[in-house]
Amino acid sequence: MEPNSLNLSKPTSFHQIFSYRSQDQPDHTWFYYPEPVNAEHYRELTFKGTDDLINHLAAQYATLLPKADESTISKATPKSVPNPPMVVATLGSNNVQLLLTGLAAQRMQHCYIHISPLNSDAGIMSLLESMDAKILIADHVFYARAETLAAQMEGVHLVRMIEFDPVDELKKDLKSFGYDKLRDESNDCSYILHTSGTGSSAPKPIWHANKSFLAKPPFVVRMTTITTGLLYHGMGGGAAIFVANIGAAMALPLAKDPNHRTLPEVINSVKALPNSSRLFLHPILAEAIWETYGKNNSPEIEYLRRLASMDVGGGKLSNNVASKLRDLGIDVRTAIGCSEVGMFPLRNEPTKEHWDSLIPTNDYHVKWEHIEGNQYELLINDPPALALNICIPKDNIYRTNDVFEECPPTSGKWVYAGRRDAMLIHSVGSNTNPVPCENALRSLYEIEECQLVGHGRRGPLLVVELNWNNVDDECKARDNIWKAVEKYNNNVMAWSRLQHPEAVVILPRECHLERSDKDTVKRGVNLKKFEQEINRGYQNWDRAAPLAKA
């Protein structure tokens, strides 16, 4: 008997969400995606249509994929998973087809991972091997690359992705797929997130159970959320699941190339969806919005004012840009979480001084461990929902490794300061968080990029890549940078100050600090790349101000 809204319990897995929604909200639009011809208009995919397409794909892939047995079940599955799955990896473009493929794999009781094509070949092979994935499904854009990868790995089955336009496909006769809609899949492994790993070629896979995400509150979603986040990372894919779970809607930008979104395409997407309530984007795009439209208060800003919020995730937006956008009437907010536990138990409550101010949503889960000064690491007591590879016992503590500052002290309001593992431990045993200094100085007219170093050294040293488009006189630029450093020094502990002008190293014109795909500095890579320049900087500092006199 076909279940109905009365005998179909709450969904226990991602793909079951659509069976559930197809009963109580069959005609509600879940996904707005660009039309396939010129990407100028949206097409709409409903909950019922999505559920039918998942069945349609699952039935076809069931004949293409190998059967799950001892040779295909992942031996890397966490021991806490009751039903070890076969891991299906996808290498595809950033579009709705990618999501449908992953959901179809889950409906077949497999676990899926959308691998980011931004990773190196070595990084992709590292993911496939560390998960013991036996299936790689690739679309036409990345199929040739997938062939090369599969040829280098033993036992990996390469499958060509079944591609179609969802709206057009729904007009055809669809295949059916039989499965138990009432089966409890909450403890099963549903999908795998991964860190980018673009710098190390060793992205870390993070296994997730269905219940860990379904039990959480919506993550930066409203009734219609436009996301520029990539669907093969959690930023976009996670939002797609959350909007389905609360019966909301999701949209991708009207981009001709799904893997790259231009600023006009993002603005056109907001225009094209009169009911859009939230825009979720990376700090780079938020900065570009200010530079392109905000400085002149261009007409495009009016469309952004209509949004309930513009949320920034995947990196830290400068206070300067965020404040200016908020002054224009755009409700800029920060979205913060982590791959292992999803949303932190913190809620964004902007203040005039700090747009990214956060407050704890409860006193039970949130614990603060003092590091030094006004810096604390966030600990989560008895985490309510966890990825499977953490395996933290009940009533235990999860260390987020994320450092916050209480601003102002004793106010109960917190601002993210950076990762604890990025801390510089100097030779005298004191710690410096490099992120606040870099953020403060990076906004200077003369600086293109900078990185604070000093782990195991006498103190911090700043490596600077100048913005040569804005610099005519290097000596004058150095003087201006040092004046800004002296101003910054007034607000930090003595051991975290840049203690001498020689502790500022200006790189030659042809040298560039390496950045990750999240537009953050690649700390380890730069330490090795500029080892000579850093050593020379410390030598010059030692000669100018010996440690005994510092």
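In this text the structure is predicted, and so the values were computed from the model without any measurement.
- By the salt bridge (Lys or Arg N to Asp or Glu O under 4.0 Å) test, E514 is found to be paired with K529, residues two or more places apart in sequence or in another chain being considered.
- When D402, T334, D356 are each tested for a side chain to side chain donor-acceptor pair (under 3.5 Å) with Y416, only one passes: D402.
- Under a 4.0 Å N-O distance rule, the pair D188/R183 qualifies as a salt bridge.
- Annotation: side-chain contact (heavy atoms from CB on, under 4.5 Å) contacts of L273 (sequence neighbours excluded): Y32, Y42, T224, I226, A251, N275, S276.
- Every salt bridge (Lys or Arg N to Asp or Glu O under 4.0 Å) that E291 has, sequence neighbours left out, goes to K295.
- Atom NZ of K271 has more than 12 heavy atoms from other residues, nucleotides or ligands within 6.0 Å.
- Checked by atom type, the side-chain pair Q106/N210 shows a donor-acceptor distance below 3.5 Å.
- Within 6.0 Å of atom NZ in K528, 12 or fewer heavy atoms from other residues, nucleotides or ligands are found, so the atom counts as exposed in its surroundings.
- Residues meeting the ring-ring contact (aromatic ring centres under 6.0 Å, His included) test with F18, sequence neighbours left out: W30.
- A salt bridge links D51 with R107: at least one charged nitrogen is closer than 4.0 Å to a carboxylate oxygen.
- M108 meets the side-chain contact (heavy atoms from CB on, under 4.5 Å) test with A58, Y61, A62, L65, H110, F177; sequence neighbours excluded.
- For N439, the side-chain contact (heavy atoms from CB on, under 4.5 Å) criterion is met by K316, V435, R442, not counting sequence neighbours.
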